[in-house]
Amino acid sequence: MGSVARSPLDQRERSQGASGGITISGVNHEYRPPRGRPVLALDGISLEVADREFIAMLGPSGCGKSTLLYLVGGFMPLQQGRIVVNGKQVTGPGPDRGIVFQNFALFPWKTVRDNVLYGLEKQRLPKSEREEIAQHYIDMVHLAGFEDSYPSQLSGGMKQRVAIARTLAIKPDTLLMDEPFGALDAQTRSLMQEELVSIWTQSPTTVVFVTHDVREAVLLADRVAVMTARPGRLKEIVDTKMDDLPQSEVMKTRKYLDMVDYTWNLVREEAIAADSEKDR
Amino acid sequence: MAFLLPPLTGVVTRMFHDLFNGRLAIDIGITLFRAISAFSIAAISGITLGILISRVRPIRWFFDPLLSIGLPMPKVALLPIFMLWFGLFDASKILMAAFSASFQIVVTTWAGTRGVERELVWSARSLGASERQILWEVIFRAAMPQILTGLQIAMPICVIVVLVTEMVMGGQGLGDSMLRSARYVDSPGVFAGIVEIGLLGFCVMKTMEVVRRRLLAWHQETQKDH
Ligand SMILES: Nc1ncnc2c1ncn2[C@@H]1O[C@H](COP(=O)(O)OP(=O)(O)OP(=O)(O)O)[C@@H](O)[C@H]1O
Ligand SMILES: [Mg+2]
């Protein structure tokens with residue numbers, strides 16, 4: 001039984017090794033609201049994310065980061081260009097790409113436990129195994145004791161952690177995270193960052209991580225993609241692979257501090273550009 | 001012309017009289033049976049149609065104008081047609097009430113399903129839910145507060161329309177009894193009927209509230225009270 005269940009998994013991992021990662025080529029996206037004028041959110045984005053690479057996206061608010069994530073997730077139809085994830089062209093959403101939404105998108109009528117269980121139920125795992133996995137991830141995001149709470153009874157940061165647990169629980173091949181730590185206080189954020197890094201070191205997956213926090217981006221990511229003000233283009237990709245040190249050590253190195261400084265300046269330029277755009 | 005206002009004691013005595021000879025139980029039972037049957041039909045068909053309208057474009061296209069015409073119309077005005085088609089007994093009364101109440105349910109269900117946050121549907125989809133599961137496990141659940149509001153409006157409509165049809169067509173029930181009392185200038189009987197209808201309405205509305213609180217235990221509105 002065990003070996004039968006394993007073989008498709010092994011195959012999956014092998015095929016990933018050959019053509020894994022994400023290829024985004026020539027992607028444009030224009031929002032056309034029924035009223036008002038169309039908004040060009042993305043303009044000619046091309047980006048290669050290597051298999052099991054951790055890439056962070058930075059850019060001013062409204063530059064199209066969420067839009068790009070939605071397109072990789074397959075939630076919106078692609079208007080122009082091509083997106084290939086793990087060798088498969090994206091045509092719709094699927095559990096191979098897990099996403100943590102900026103606004104959490106928890107099911108408000110389900111308890112914390114049932115939210116985390118939802119994806120596992122769709123995988124037809126035995127009940128006891130499902131519950132074990134769910135509890136593991138609930139513990140991991142430090143929400144033990146809140147299993148039976150509804151989202152409306154939780155703080156913003158707690159909701160965000162439920163959303164992270166719900167997505168991690170289905171073990172997606174690719175992780176799309178839209179400001180997953182945005183609502184957390186500094187201490188919890190740092191704990192969650194360490195947690196994410198340790199998950200990622202144990203079983204590396206391709207991660208696209210949107211954030212507004214330059215230090216976080218440099219600390220976590222192999223590369224940081226900085227986007228321009230709307231319409232979103234790629235401004236520069238910064239190599240930020242840090243030495244293999246504990247996080248607290250990395251943050252003291254010269255290399256890290258220089259990298260943060262450099263990236264910070266790139267982001268600042270665009271934030272200023274976005275600001276002057278508004279005044280016009 | 002003198003207004004006939006019975007003394008309170010007369011009304012209360014009359015109600016006790018009705019209560020003990022079983023009249024009241026029979027009348028309330030019959031009216032309630034009709035109202036609840038009508039409500040069930042209206043709920044099932046209204047929710048189904050509301051969801052279909054929000055999902056299937058040709059159905060939306062067809063029903064949108066009909067709803068706009070039908071919603072503000074006093075549906076009981078069609079009672080003669082219902083009498084003609086469904087006879088003078090329970091069927092026409094129940095269907096008349098169901099028809100009147102279903103409009104509210106369709107409209108609130110439609111509005112509720114339309115307003116579901118897209119990220120909610122997307123997360124379900126990316127967690128592996130099928131389209132069918134998304135409809136029942138996400139869209140329907142997310143629209144529940146509004147659907148229940150529609151049902152809460154529909155229930156009193158069912159009671160009202162059933163009472164009106166009983167008054168117009170007879171065939172027992174609270175409405176029929178009350179009108180019969182009026183015909184014999186039995187003013188304690190009329191006022192007892194009004195009080196009885198009031199009590200019935202009160203019980204029905206309170207039951208609906210309890211059901212709502214049960215079903216929406218997760219919702220913020222139910223948490224303010226604690
Ligand atoms: N549903 C929509 N309809 C119309 N325009 C939209 C819609 N969603 C986003 N936009 C527009 O597209 C642009 C990019 O939006 P997006 O949400 O991708 O930005 P973002 O980079 O994620 O911003 P933030 O950092 O604030 O989350 C915005 O300027 C916005 O005006
Ligand atoms: Mg965003």
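Throughout, protein chains are lettered first and strands after them, A, B, ... in sequence-line order, and every chain is numbered starting at 1.
A donor-acceptor contact shorter than 3.5 Å is absent between the side chain of Ser126(B) and the backbone of Pro95(A).
Using a 4.5 Å heavy-atom threshold, the side chains of Phe104(A) and Leu120(B) count as separate. Proximity of Ser123(B) to Arg166(A): side-chain heavy atoms (C-beta onward) are separated by under 4.5 Å at one or more points.
At a 4.5 Å heavy-atom cutoff, the contact between Leu106(A) and chain B is made by backbone atoms alone. Both the backbone and the side chain of Val138(B) come within less than 4.5 Å of a heavy atom of chain A. Interface remark: Phe101(A) contributes side-chain atoms only to the contact with chain B (heavy atom separation under 4.5 Å).
Residue Phe86(B) places its CZ atom among more than 12 non-hydrogen atoms of other residues, nucleotides or ligands, all under 6.0 Å distant. Around the CZ atom of Arg118(B), the shell of radius 6.0 Å holds more than 12 heavy atoms that belong to other residues, nucleotides or ligands. The 12-atom threshold is exceeded at CD of Glu117(B), counting heavy atoms of other residues, nucleotides or ligands nearer than 6.0 Å.
Salt-bridge formation is detected for the pair Glu137(B)/Lys122(A): a Lys NZ or Arg NE/NH1/NH2 atom is positioned less than 4.0 Å from an Asp or Glu carboxylate oxygen.
Contact record, Ser152(A) with Trp218(B): OG-O, 3.1 Å, taken as the closest heavy-atom pair. Contact between Phe107(A) and Leu127(B) at its shortest, heavy atoms only, is CE1-CD1, 4.3 Å. Ala129(B) approaches Tyr118(A) most closely through the heavy-atom pair CB-OH, 3.5 Å.
The structure places CZ of Arg125(B) at 13.0 Å from CD1 of Ile99(A), a figure rounded to the nearest 0.5 Å.
Within the 6.0 Å centre-distance limit, the rings of Tyr70(A) and Trp122(B) are counted as a close aromatic pair.
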